[in-house]
Protein chains: 2
Amino acid sequence: MSKQATQDMETRIASLLKRSDLSVTESRRKILHLFLEQTGALAHGDIERKAGEKFDRVTVYRTLQTFVEKGIIHTIPTADNSIRYALCKDECSGGHHHDHHIHFVCSQCDNTYCLDDVVTPDIKLPKGYQAEHVEVVVEGVCKNCR
Amino acid sequence: MSKQATQDMETRIASLLKRSDLSVTESRRKILHLFLEQTGALAHGDIERKAGEKFDRVTVYRTLQTFVEKGIIHTIPTADNSIRYALCKDECSGGHHHDHHIHFVCSQCDNTYCLDDVVTPDIKLPKGYQAEHVEVVVEGVCKNCR
DNA sequence: TAGATTTTGCAACTATGTTGCCTTTTCATA
DNA sequence: TATGAAAAGGCAACATAGTTGCAAAATCTA
């Protein structure tokens, strides 16, 4: 990455944090960096492995929690009991960070993608059930693994 | 429950196990019983609490694992990192235990329901992605909590 | 009912997540 | 640009969740 690009990235990260009323700290910058420099979602373990040398496990937990609360990232449920986190699009705001795209988990490479252009379908529920939020996770083979 | 009904339940449980080539043991009977006598799904913790006095934690883990492999129960992904298990309908068979109903999690009572009559919708994916399985979890307020 | 096979319980271990408290860093403002 | 209140981080200790190997017990076959 060029020096210019790195500079841009850092500026972007700082303004993202400030917009959410968060102070700009080293661990937050580092973790946001991880999300920005990759397409898929990250599991807690991934982040700990990539940032863990420098930061305490607890800090990673707390940072992710804060980011979720502020609507910077969102969680993706999976069947294997390992929450994944992914960046929210800019429209997301605190407390309202479920937007309506679906998620795709590749059964080959195990990457998780937000398919931002695929909206969750309307689901017709039986009488008496009232939907508040619909979560769709598709498992299959991704673009790169075919 | 009448003696007759209990008898029926036990017979049903035994044949369910035998059909899956599983020996009929006390812990398997107990755990299946828990599933049969209730509508919603059960988390590992629920089961451990309800059966845990009598059985070892490890046994509960192994039993659930076995049941999933044999297609007796299936897992339900949730956003809060706590896998729920629910009975499969009879058509489910080993290795093929994802059937196509959706799941509903009540935000009030926290119960999870299999809505067996609501099939998962077709999702149109971007070019290159190939779906193998679609998981839909709807969060909202259930029949009983309104 | 005996013996091979399967399942269980126990102990020990790893991984994952949480809490309280004190130190360090950040940031507003003087 | 120095300073002090507030926020965030690190550490230790703890709690929960999940796994493995092995010996004992229960189940099933014939």
Side-chain angles (χ1 to χ4, degrees), chain A residues 10-11 13-34 41-70 72-73 75-85 94 110 112, chain B residues 10-11 13-34 41-70 72-73 75-85 94 110 112:
Chain A
E10 287 310 313
T11 312
I13 285 172
S15 72
L16 225 161
L17 287 171
K18 280 185 186 137
R19 204 186 317 152
S20 304
D21 288 314
L22 294 175
S23 40
V24 180
T25 68
E26 214 187 327
S27 58
R28 288 180 180 160
R29 276 195 286 122
K30 173 66 180 171
I31 290 176
L32 258 187
H33 207 106
L34 291 176
L42 292 167
H44 177 95
D46 297 332
I47 297 162
E48 206 178 305
R49 245 165 279 125
K50 291 184 188 180
E53 301 276 305
K54 289 206 67 172
F55 306 106
D56 195 82
R57 266 161 27 83
V58 180
T59 302
V60 176
Y61 279 107
R62 289 198 270 229
T63 304
L64 291 173
Q65 211 170 285
T66 307
F67 283 0
V68 170
E69 276 160 19
K70 293 293 186 175
I72 296 174
I73 59 178
T75 60
I76 304 167
T78 54
D80 69 340
N81 228 357
S82 69
I83 295 185
R84 311 283 182 109
Y85 299 88
D110 205 44
T112 303
Chain B
E10 288 310 312
T11 312
I13 285 171
S15 71
L16 224 162
L17 287 171
K18 280 186 187 136
R19 204 185 317 151
S20 304
D21 288 313
L22 294 175
S23 41
V24 180
T25 68
E26 214 188 329
S27 59
R28 288 179 180 160
R29 276 195 285 121
K30 174 65 179 173
I31 290 175
L32 257 187
H33 207 107
L34 290 177
L42 293 167
H44 177 95
D46 297 332
I47 298 162
E48 206 177 304
R49 245 165 279 124
K50 291 184 187 180
E53 301 275 306
K54 288 206 69 173
F55 306 106
D56 195 82
R57 267 162 24 83
V58 180
T59 301
V60 176
Y61 278 108
R62 291 198 269 228
T63 303
L64 291 173
Q65 213 170 283
T66 307
F67 284 0
V68 170
E69 276 160 19
K70 294 292 185 175
I72 296 175
I73 59 178
T75 59
I76 304 167
T78 54
D80 67 343
N81 226 357
S82 70
I83 295 187
R84 311 286 181 106
Y85 299 89
D110 204 42
T112 303

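The basis for the numbers below is simple: all heavy atoms, side chains too, and nothing from hydrogens, waters or symmetry mates. This is a predicted model, so every value here is computed, not measured. Proteins come first, then strands; the chains are lettered A, B, ... in the order of their sequence lines, and each starts at number 1.
- At a threshold of 4.0 Å, the pair A/D56-A/R62 does not count as salt-bridged, since none of the basic side-chain nitrogens sits closer than that to a carboxylate oxygen.
- Interatomic distance, CD of A/E48 versus OG1 of A/T59, reported as 10.5 Å (0.5 Å rounding).
- Put simply, A/R62 has no side-chain N or O that comes within less than 4.0 Å of OP1 or OP2 on D/dG9.
- Remark: B/S23 is not in phosphate contact with C/dT6, judged by side-chain N or O atoms under 4.0 Å from OP1 or OP2.
- Remark: A/S27 is not in phosphate contact with D/dA8, judged by side-chain N or O atoms under 4.0 Å from OP1 or OP2.
- Where B/K18 and B/Y61 meet DNA chain D, the nucleotide closest to each residue was compared, and B/Y61 sits on the side nearer the 5' end.
- The heavy-atom pair separating A/I76 from A/A41 by the smallest distance is CD1-CB, 3.7 Å.
- OP1 or OP2 of D/dA26 has not a single side-chain nitrogen or oxygen of B/T25 nearer than 4.0 Å.
- Side chain of A/H44, nearest nucleotide from D/dG10, C/dT7, C/dG17: C/dG17.
- To the nearest angstrom, C1' of C/dT16 lies 12 Å from CZ of A/R49.
- Straight-line distance from the CG atom of A/L64 to the P atom of D/dA8: 15 Å, rounded to whole Å.
- One finds the OH atom of A/Y85 at 11.0 Å from the OG1 atom of A/T63 (value rounded to the nearest 0.5 Å).
- Checking A/E48 against B/D56, the closest nucleotide of DNA chain C that is more toward the 5' end is the one next to B/D56.
- Between D/dC11, C/dC10, C/dT18, one nucleotide has an atom nearer to the side chain of A/Q65 than all others, and that is C/dT18.
- One can find a donor-acceptor pair under 3.5 Å joining the base of D/dG18 and the side-chain atoms of B/R57.
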